[in-house]
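Remember, it's 1-based here, ligands and their atoms both numbered in the order they're listed. Every value quoted in this text rests on a predicted model; they were computed, and no experiment measured them. Excluded from the calculations below are hydrogen atoms, water molecules and symmetry mates; all remaining heavy atoms, backbone and side chain alike, are included. Heads up: numbering here begins at 1 and tracks the sequence.
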Amino acid sequence: MTELSAWLAEHRSGGRLFFGPGRVNLIGDHTDYNGGLVMPFAVDMGVYLSSAAASSWQFHSAGYPDVAYRSGDSIQGLPDWARYVAGVISLAEARFGPLPPQKLSFFSNLPTGAGLSSSAALQMAVLSCLLEMNQLDMSVADKARLGKQVENDIIGVPSGIMDQFISAGGVVGSALQLDCATLEYQAVALAHADYQLLVVDSAQPRTLAASGYRDRVAECASALAALQQIKPASHLVAYQLSDLDAAQLTDSQYKRAKHVIVENGLVDATAAALAADDWLAAGECLNQSHRSLRDDYQSSHLRVDELLAICAQQPGFVGGRITGGGFGGCTVQMVKANALETFIASVSEQYRSQTGLEAHFYPVSASAGARELSQ
Ligand code: GLA
């Protein structure tokens, strides 16, 4: 019996069950907070939540001390994971009025700290539970806005809206091409009999992820301010590469803005390649995106670069890139389905002998957004 099935067996009869998925971003990183395009998909790993009526809010997660919370209490003193939970409750109560307290028990089968957005999974599991238990409704965009507000204002990370949007609105078999300025989106079919999507975790913890992320957000804001001197626009993605030469940019402002503009174009190119069923062309977009993140955005990590270099030498490799916030963690790759087994065995062995690290491999497919699970 896996840990998950043991947890489900224990909680199945005790209350209602909910699930918030983690996400993989196929392409379009560090574009969301620059008003650009992203193309994430939800996966079937995520946060499970069992909810039962209680006299006050209680949060329970195996391996952590239990947390008691009363509506209106300060959230700042709680442990990190519980701040996400209490933050969602508090913003949902601000919108809908007081909600009856629950005992919430959590289980996650996402690799931790790997960049598959366990925090959005946690937030959307809680929100879907609060809405279903109280017969309330919110649009996907509003759910995502609420989650982003928790992340920005309560946790204090200046993230974009991608992770919460896809965890709330994931579609089976498709990635979503989302315009983060308007929140308009279209589903892009993401399944092919000849190819497998594979997440490979470098096992390199995402060191500097929080501070590096903050620095990049600030660098983009300052690049935008410099570009606005030559031409008004509200987002970096509105500029062309040729505008960068006309503006007075520092070297790092230039590189960050270049990445954002190039990456935004690559999202469109990937959507076009997938629509044409051309996974080789889509894979090349992923490779180009990785080079841009590595060289211009400088949000990769040496270990992740080494991992991708090993992957690129294997038969069956189609394309791959670091995914999510970066600075370590996971890659997303496209691999020929008939080469998958030997690909995993060779990469695992070569990466171990080169770095001493144990890579983890997760074949994935696009799955549904946060939801109640049938009993
Ligand atoms: C993190 C953030 C997202 C997004 C990605 C990078 O996952 O939470 O909003 O900015 O990094 O694309």
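Using a distance-only test at 3.5 Å, with no hydrogens or angles considered, no donor-acceptor pair links the side chain of S167 to the main chain of D163.
Shown here are the side chain to side chain contact (heavy atoms under 4.5 Å, CB included) partners of D243, two or more places apart in sequence or in another chain: L227, I230, K231, Y239, Q240. Every residue two or more places apart in sequence or in another chain that forms a side chain to side chain donor-acceptor pair (under 3.5 Å) with H60 is listed here: D66. The side chain to side chain donor-acceptor pair (under 3.5 Å) check on R214 picks up nothing, with sequence neighbours excluded.
Note: Y213 and H30 meet the aromatic proximity criterion, with ring centroids under 6.0 Å apart.
Applying the 6.0 Å contact sphere to CD of Q248 captures no more than 12 heavy atoms from other residues, nucleotides or ligands.
Each of R23, D29, H30, D32, Y33, S159, G160, M162, D163, Y213, G324, G325 has a non-hydrogen atom positioned under 4.0 Å from some atom of ligand 1.
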